[in-house]
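Only a predicted model underlies this, so the values are computations on that prediction, with no experimental measurement involved. Residue indices begin at 1 and follow the sequence shown. Atom set for the values below is all heavy atoms of this structure, side chains included, hydrogens, waters and symmetry mates excluded.
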Amino acid sequence: MSDPKIAGAIILGGSYGSLAVARSFGRQGIAVGYFSAARSVAQYSRYVTHHVPWRGPGDLNALDVLFAAADRLGMNGWLLLPSGDAEVQFVAQNFSALAARFTLVTQDWAALEQLNNKAQLYRLADSLGIDYPRVYADGIAADRPADEMRFPVVIKPSSTEKSNPLTKAKAWKAENAADYAEKYALATEYMGPGGFVVQELIPGGGESQFSYAGLWNRGVEVCGLTARRSRQFPAEFGTSPFVETTEQPRVLAEAQALLKAVDYHGLVEVEFKLDARDDRLKLLDVNTRIWAWIGLGAAAGLDFPMLAAAMAKGRLPIGLKPTYGASWVRAIPNALSLVQSLQRSGGLGYAAGRSLSLRAGPAIFALDDPLPALMELPIQVLRRLYPAQA
């Protein structure tokens with residue numbers, strides 16, 4: 001896959017996944033442009049040939065700024081990859097205009113909204129017989145009164161187009177009816193009626209969190225793998241600092257059924273949680289973009305960014321199979337997750353030993369690209385000190 005025949009690649013937003021994508025392209029001699037609205041380890045990679053600060057997709061002039069930078073830096077025709085939820089929506093809603101200037105491996109918003117909007121996603125899953133956490137309210141169907149809910153419940157934004165405390169937190173947990181009433185009111189204020197869903201909280205930790213990651217070509221899988229998101233920080237609604245590739249036939253089958261039903265095209269990660277109460281997988285989210293641990297794919301034999309570039313130019317790989325047993329770790333959040341496990345339960349939690357193993361591929365550190373690892377801690381400190389600029 002060393003000759004994808006693309007002049008360069010533009011990455012919009014993101015952080016750890018964007019760093020992995022930049023390295024994937026850069027190590028093949030492909031120029032990389034990285035557009036970001038906040039400080040990120042990715043911008044310090046030696047493989048980012050053009051770092052372009054911008055105000056993000058929420059800026060009224062976002063499209064003009066992108067086009068102007070492309071003209072100035074010679075990026076027209078480059079592969080364009082979104083690496084955040086807001087960036088996905090920006091690219092999808094401006095699909096025609098962007099496709100006229102860049103190479104895209106995604107779909108327009110009419111196709112993607114049903115996967116990115118929680119309420120629409122769960123209705124789609126229901127039509128396909130794919131299970132998901134029980135929905136108590138979505139602003140469209142009849143809402144359940146609090147006395148009919150089984151607490152705790154989770155309040156999630158239907159989309160992340162808006163920037164507010166709920167979208168930044170990803171989800172809120174309501175422990176009881178009084179807590180729910182307060183948070184429901186805040187969610188309505190931030191997101192508007194119908195802008196969020198309320199659903200049951202599936203119990204369990206990293207041992208029950210699974211994902212499918214793949215590349216699809218107009219409803220047909222090009223390649224894919226399954227993984228366990230073995231640790232999480234913060235514990236309930238955080239990101240995964242330690243991920244392991246592991247064969248999960250049920251995860252594979254359900255993700256494939258979902259993506260085939262919508263004729264999916266592009267890179268994707270589908271998240272599930274196994275409910276020990278009924279031994280059923282529950283669909284949580286679909287990420288129609290670069291995901292944080294995309295770099296794990298290369299260790300498993302599937303270099304997703306390079307494969308996407310090849311597909312964009314009509315060079316479809318055939319018969320690619322993953323090698324299972326690889327793992328990926330973000331050292332600092334993983335260490336914090338171990339501390340959190342000790343505080344919560346007195347033990348280190350699931351997969352603690354494997355997450356500390358030298359066999360786990362580091363998400364940030366690389367001998368040929370050391371600066372991002374050196375900048376990770378200063379960036380986190382700056383975000384704590386100046387959150388408005390993060």
Side-chain angles (χ1 to χ4, degrees), residues 85-86 88-89 92 107 109-146 148-162 166-167 169-174 180 183-184 187-188 190-204 208-214 216 219 226 229 236-237 248 250-264 266 268-289 291:
D85 293 332
V88 164
Q89 188 164 347
Q107 297 169 284
W109 191 239
L112 288 189
E113 186 177 15
Q114 60 187 324
L115 298 178
N116 286 272
N117 182 287
K118 292 290 189 301
Q120 292 188 36
L121 173 63
Y122 295 141
R123 288 196 293 275
L124 172 63
D126 191 53
S127 71
L128 298 171
I130 296 173
D131 213 345
Y132 53 91
R134 183 182 308 168
V135 175
Y136 294 117
D138 63 10
I140 299 173
D143 292 354
R144 300 278 189 91
E148 293 184 12
M149 298 181 186
R150 181 164 63 177
F151 289 97
V153 298
V154 181
I155 301 175
K156 290 184 177 181
S158 290
S159 68
T160 56
E161 180 180 6
K162 300 177 181 178
L166 179 54
T167 56
K170 297 185 179 180
W172 288 340
K173 179 180 177 182
Y180 171 67
K183 289 175 178 173
Y184 185 94
T188 303
Y190 291 134
M191 302 300 301
F196 56 93
V197 298
V198 180
Q199 57 189 161
E200 65 176 327
L201 177 65
I202 305 299
S208 58
Q209 298 175 157
F210 298 95
S211 280
Y212 165 88
W216 282 64
T226 53
R229 303 190 313 280
E236 288 180 326
F237 307 124
Q248 300 292 334
R250 286 198 290 171
V251 173
L252 179 66
E254 296 206 8
Q256 288 175 332
L258 178 71
L259 298 170
K260 184 177 181 180
V262 297
D263 290 326
Y264 190 76
V268 66
E269 183 215 8
V270 186
E271 297 182 355
F272 298 88
K273 194 165 187 178
L274 181 63
D275 192 337
R277 299 171 299 182
D278 57 13
D279 193 38
R280 291 179 63 87
L281 286 169
K282 305 294 173 70
L283 174 66
L284 299 182
D285 291 294
V286 180
N287 293 314
T288 58
R289 53 166 170 76
W291 54 97

Exercise. Ignoring hydrogens and geometry, is there a side-chain-to-backbone donor-acceptor pair from D278 to R280 under 3.5 Å?
Worked result: yes
Exercise. So how far is it from D85 CG to N116 CG, rounded to the nearest 0.5 Å?
Worked result: 6.5 Å
Problem set entry | Over all atoms of both residues, closest heavy-atom pair of K173 and L201 | CE-CD2, 3.9 Å
Exercise. How long is the span from the OG1 atom in T226 to the OH atom in Y212, to the nearest 0.5 Å?
Worked result: 9.5 Å
Exercise. Are Y180 and V198 close enough that some pair of their side-chain heavy atoms sits under 4.5 Å apart?
Worked result: yes
For this session: Return yes if some donor-acceptor pair links the side-chain N/O of Y136 with the main-chain N/O of V154 below 3.5 Å, else return no.
Result: no
For this session: Considering non-hydrogen atoms only, spot the tightest contact between K156 and A171 and give its length.
Result: CG-CB, 3.9 Å
Problem set entry | D285/K170 ion pair, N-O < 4.0 Å | no
Exercise. Hey, what's the ring geometry for Y184 with F196, parallel, tilted or perpendicular (30° and 60° as the breaks)?
Worked result: perpendicular
Problem set entry | Shortest non-hydrogen contact from L283 toward P133 | O-CD, 3.1 Å
Problem set entry | L115 CG to L124 CG distance, which is reported to the nearest 0.5 Å | 6.5 Å
For this session: For the residue pair S211 and E269, confirm or rule out a side-chain donor-acceptor distance under 3.5 Å.
Result: yes
Exercise. For Q256 and W216, what are the C-alpha separation, side-chain angles and deciding distance, and is it a side chain to side chain contact (heavy atoms under 4.5 Å, CB included)?
Worked result: CA-CA 10 Å; Q256 288 175 332; W216 282 64; 4.0 Å; yes
Exercise. Can the ring centres of F272 and F210 be said to be less than 6.0 Å apart?
Worked result: no
Seminar exercise, completed: Value for CG (D275) from CG (L281), rounded to nearest 0.5 Å, stands at 9.5 Å
Exercise. Measuring from T167:OG1 to M191:CE, what's the distance to the nearest 0.5 Å?
Worked result: 6.5 Å
For this session: Assess whether side chain to side chain contact (heavy atoms under 4.5 Å, CB included) is satisfied between K183 and T188, documenting all intermediate values.
Result: CA-CA 9 Å; K183 289 175 178 173; T188 303; over 6 Å; no
For this session: Could you tell me whether the side chain of V270 reaches within less than 4.5 Å of the side chain of L258, counting heavy atoms only?
Result: yes
For this session: Specify the closest pair of heavy atoms between Q89 and W109, including all atoms of both residues, with the distance to one decimal.
Result: CD-CZ2, 3.6 Å
Exercise. Nearest heavy-atom pair of V262 and Q107: which atoms, and what distance?
Worked result: O-NE2, 4.0 Å
For this session: Ignoring hydrogens and angles, tell me if any N or O in the side chain of Q209 forms a donor-acceptor pair with the backbone of G204 under 3.5 Å.
Result: no
Exercise. Going by distance alone, is a donor N or O of one side chain under 3.5 Å from an acceptor N or O of the other, for S158 and D138?
Worked result: no
Exercise. What pair of heavy atoms forms the shortest contact from I202 to K273, and how long is it?
Worked result: O-NZ, 2.9 Å
For this session: Give the C-alpha distance, both sets of side-chain angles, the deciding distance and a yes or no for side chain to side chain contact (heavy atoms under 4.5 Å, CB included) between Y264 and L112.
Result: CA-CA 8 Å; Y264 190 76; L112 288 189; 3.8 Å; yes
For this session: Could you walk me through whether Q199 and R134 pass the side chain to side chain contact (heavy atoms under 4.5 Å, CB included) test, one step at a time?
Result: CA-CA 5 Å; Q199 57 189 161; R134 183 182 308 168; 6.0 Å; no
Problem set entry | N117 side, atom CG; R123 side, atom CZ - distance, nearest 0.5 Å | 7.0 Å
Problem set entry | R277/E200 ion pair, N-O < 4.0 Å | yes
